[in-house]
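Here is the structure we will look at, set down as structure tokens.
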Amino acid sequence: MTRRAAPSASDLFGSPPAEGPRAGGVVQVLTPVALDDSWTYRLPDDGVVVPGSIVQVPLGPRKVVGVVTAETPTLAASSNRLRAIEKVFDVPPLSADLVAFADWVARYTLTPRGMVVRMLLRAPEALDPEPPVRAVVRAGEPPERLTDARRRVLALTAENEGMAWTRSGLAHAAGVSPGVVDGLIAAGTLAEVEVPAGPPFRRAEPDFDPRDLTGEQRRAADELVGRVGAGASVTLLDGVTGSGKTEVYLEAVAEALRQGRQALVLVPEIALTKAFLDRFAARFGALPAEWHSDVGPKTRARVWRGVAEGGVGVVVGARSALFLPFRDLGLIVVDEEHDPAYKQEEWATYHARDMAVVRGRIERIPVVLASATPSIESRVNADRGRYRHVVLSERATGAAMPTLMAIDMRRAGPPRGRFLAPGLVSAIAETTARGEQALLFLNRRGYAPLTLCRACGHRFQCPNCSSWLVDHRFRGRLACHHCGHTEPRPEACPSCGTLDALVPCGPGVERIAEELATLLPERRTVVLSSDVLGSVQRMRAEFDAVARGECDIVVGTQLVAKGHTFPKLTLVGVVDADLGLGSGDPRAAERTFQLLAQVTGRAGRLCGRGIGVMQTYAPESPVIAALVSGDPERFYAVEIAERERGRMPPFGRLAAVIVSAPQRERAEDHARALARAAPAGGPVEVLGPAEAPLALIRGRHRLRLLAAAPRDHDLSAWLRAWLAAAGKPPAGVEVQVDVDPQSFL
DNA sequence: AGCACGCCGACT
DNA sequence: GTCGGCGTGCTC
């Protein structure tokens with residue numbers, strides 16, 4: 001691996017100054033607290049620091065980890081109140097590029113720099129050296145008393161001469177209890193030694209097993225490979241489902257490795273399936289390092305260190321992997337770039353795809369955005385020449401794209417009380433009769449989204465939020481999907497007292513499964529939703545079971561739109577293709593289009609006999625019409641024109657100002673105060689809070705204001721000024737700004 | 001008086 | 001973000 005130039009001696013703040021004393025031996029340290037400023041500290045008595053050094057400093061009564069910056073000291077060096085850096089960690093200093101990136105993110109997202117620094121240091125265990133592993137080795141003569149168990153242990157150590165075993169590992173391998181090993185240690189035959197923790201990561205080999213690519217894939221791969229090492233660039237890799245985008249961008253990853261540099265592949269968290277990782281392993285002869293919320297502290301530490309020291313070649317990770325301290329990053333790939341999961345909402349609000357573009361620009365490396373259904377902003381950026389555009393229009397297997405059709409629910413809908421049209425039911429029956437699988441997609445957990453009383457019209461609503469309570473029949477409760485409030489499902493109406501008058505309205509996945517059990521009782525149906533799944537491991541297991549053909553029909557929420565390929569899946573039914581449209585979200589149409597294209601695209605991915613059936617009341621809508629016609633351009637053209645007319649992102653800029661407080665009134669009052677404080681008549685328009693939905697999230701009532709501006713306006717600066725002018729929010733009220741991350745670049 | 005809780009400002 | 005200080009208000 002080529003190394004970045006080590007800091008030269010003249011950069012070392014602790015080294016003898018070449019031209020005059022250096023500010024009296026003080027440096028600036030950014031600490032992981034909610035502050036924008038760095039603090040001034042005295043240099044450690046012994047250690048040497050450089051910009052980027054990770055250090056421990058006292059902060060009030062605590063000790064915290066911070067990063068040395070190259071800023072000039074803000075406090076007079078003569079100040080004798082300064083405290084000293086306590087410790088310099090023995091890890092590579094963060095690169096100037098990474099610190100510049102953190103600064104950029106902080107400024108852009110209106111987040112205190114300290115909070116971004118916290119994201120850079122999210123593996124505290126990595127800072128201390130990995131504790132050595134205790135091991136046993138053969139050290140002396142066999143003992144006097146040789147039992148059968150002892151003989152087996154000695155045979156193993158003889159077979160693998162010089163090898164160090166862990167105590168339990170050796171006992172396990174020999175099929176004896178750990179006590180036997182202890183006995184041999186006591187007898188002096190074996191000895192305990194400390195060995196450095198093993199070589200952490202197998203190197204990915206760029207040419208381990210290159211794939212045969214189709215002509216179209218080859219051209220696309222060559223284009224991407226040509227960008228690696230050629231400075232900053234952004235390429236939109238726009239390929240239909242099944243076109244083999246992954247194989248194409250893996251060629252760029254291989255090129256980065258060949259050049260001795262590292263590669264980062266960002267994926268939506270959900271896509272980190274075993275099958276996905278195995279594809280990497282098959283191509284590169286080693287599993288990539290993983291980075292996501294389910295990675296335990298020990299592995300986290302090893303990955304962080306491996307990334308910083310250069311031992312890790314490829315990281316596949318969720319959005320937070322973007323903040324890893326790569327030693328020599330050569331490429332960033334953002335897979336499924338349109339995926340809303342890239343947007344982080346809590347803590348600091350940022351969009352990992354856009355921040356990847358920024359990191360690429362700062363590090364002067366290529367970024368590849370891959371998607372079958374690119375986001376509108378990426379498409380516009382590609383159309384306007386800001387991004388390169390590489391298109392894959394054919395499936396790599398040569399398989400045809402699925403045939404999509406709409407069922408007009410006004411004319412061919414189901415009988416009363418049912419949700420699956422006869423046409424869809426017979427398609428499911430035929431598909432499963434052939435031994436193939438069907439997937440029914442409905443993005444609604446539970447049994448029914450609304451319950452009302454037939455006698456008095458009472459609707460069950462969340463006491464905290466402006467949303468209906470969802471009937472979860474398997475659990476026997478009504479639940480709010482915003483705040484987690486649940487209550488038992490009563491027998492009688494709480495409003496009028498009538499018994500057995502409560503009716504569920506509309507379908508959820510549980511209700512669809514129930515309907516299928518009635519209509520096609522001999523088929524094996526499984527429900528896949530976040531209620532049923534949970535951890536990443538559990539999900540991987542469930543997906544694997546489906547892939548093995550352990551069921552005929554899957555009824556699933558959003559989760560099933562991603563995940564891995566089910567080879568026998570040839571029919572996808574969309575229970576409600578209109579769901580999500582008309583929700584007032586400026587991205588509703590785009591989201592629906594992407595989701596439907598993605599979920600129907602899973603039909604017949606390998607065999608090419610896929611069918612997608614969408615139940616809709618609006619078959620003429622641009623989303624449905626474009627899907628049925630098989631020409632996505634029809635959708636993009638309409639949507640881009642629409643956005644441009646409405647000056648919505650990416651043609652305008654949007655920010656959400658989220659006001660939250662434990663008390664509903666306080667949040668509402670402050671939101672109104674903010675709206676009044678907004679300068680009127682300028683280029684920025686403030687909307688709300690009147691029409692904003694209220695939600696209770698983790699004990700806090702939240703509502704939103706929206707600020708809309710023309711594209712060339714510096715909305716971040718405007719927001720800063722506005723919020724400063726509005727003054728500090730009252731006690732308990734928090735104001736969080738979500739500068740629409742998807743519209744700026 | 002003694003303490004729990006919430007708010008506020010400091011933290012180099 | 002996290003801590004301690006200090007005020008308010010309530011209880012043993």
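Proteins come first, then strands; the chains are lettered A, B, ... in the order of their sequence lines, and each starts at number 1.
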Would you mind reading off the distance between [X] atom [atom1] and [N] atom [atom2], rounded to a whole angstrom?
{"X": "A:Asp36", "N": "B:dC11", "atom1": "CG", "atom2": "P", "result": "18 Å"}
{"X": "A:Trp39", "N": "B:dT12", "atom1": "CH2", "atom2": "C1'", "result": "6 Å"}
{"X": "A:Leu35", "N": "B:dT12", "atom1": "CG", "atom2": "P", "result": "11 Å"}
{"X": "A:Leu30", "N": "B:dT12", "atom1": "CG", "atom2": "C1'", "result": "12 Å"}

Which label fits A:Tyr108 and A:Trp104: parallel for a plane angle under 30°, tilted from 30 to 60°, or perpendicular past 60°? parallel

Set of residues satisfying side chain to side chain contact (heavy atoms under 4.5 Å, CB included) with respect to A:Val470, sequence neighbours excluded: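 Expected list: A:His472, A:His481.
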
Taken in chain and number order and not counting sequence neighbours, the residues that satisfy side chain to side chain contact (heavy atoms under 4.5 Å, CB included) with A:Ala721 are none

Which is the 5'-most and which the 3'-most nucleotide of DNA chain C that has an atom under 4.0 Å from a heavy atom of chain A? C:dG1 to C:dC3

For A:Phe460, enumerate each residue passing the ring pair (Phe, Tyr, Trp, His ring centres under 6.0 Å) test, keeping only those at least two apart in sequence or located in another chain. A:His458

Listed by chain and number, what are the salt bridge (Lys or Arg N to Asp or Glu O under 4.0 Å) partners of A:Glu337, not counting sequence neighbours?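 Testing A:Glu337 for salt bridge (Lys or Arg N to Asp or Glu O under 4.0 Å), a comparison that skips the adjacent residues, returns A:Arg353.
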
Mind listing the side-chain donor-acceptor pairs of residues 112-127 of chain A below 3.5 Å, one per line with the distance, residues two or more places apart or on another chain?
from: A:Arg113; atom 1: NE; to: A:Asp103; atom 2: OD1; distance (Å): 3.0
from: A:Arg113; atom 1: NH1; to: A:Asp36; atom 2: O; distance (Å): 2.8
from: A:Arg113; atom 1: NH2; to: A:Glu71; atom 2: OE2; distance (Å): 2.4
from: A:Arg118; atom 1: NE; to: A:Pro32; atom 2: O; distance (Å): 3.3
from: A:Arg118; atom 1: NH2; to: A:Pro32; atom 2: O; distance (Å): 3.4

At under 4.0 Å between heavy atoms, what does A:Lys63 touch on the DNA or RNA strands: base, sugar-phosphate, or nothing? nothing

So what does A:Arg83 hit on the nucleic acid, given a heavy-atom distance under 4.0 Å: a base, only sugar-phosphate, or nothing?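 Result for A:Arg83 = sugar-phosphate.
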
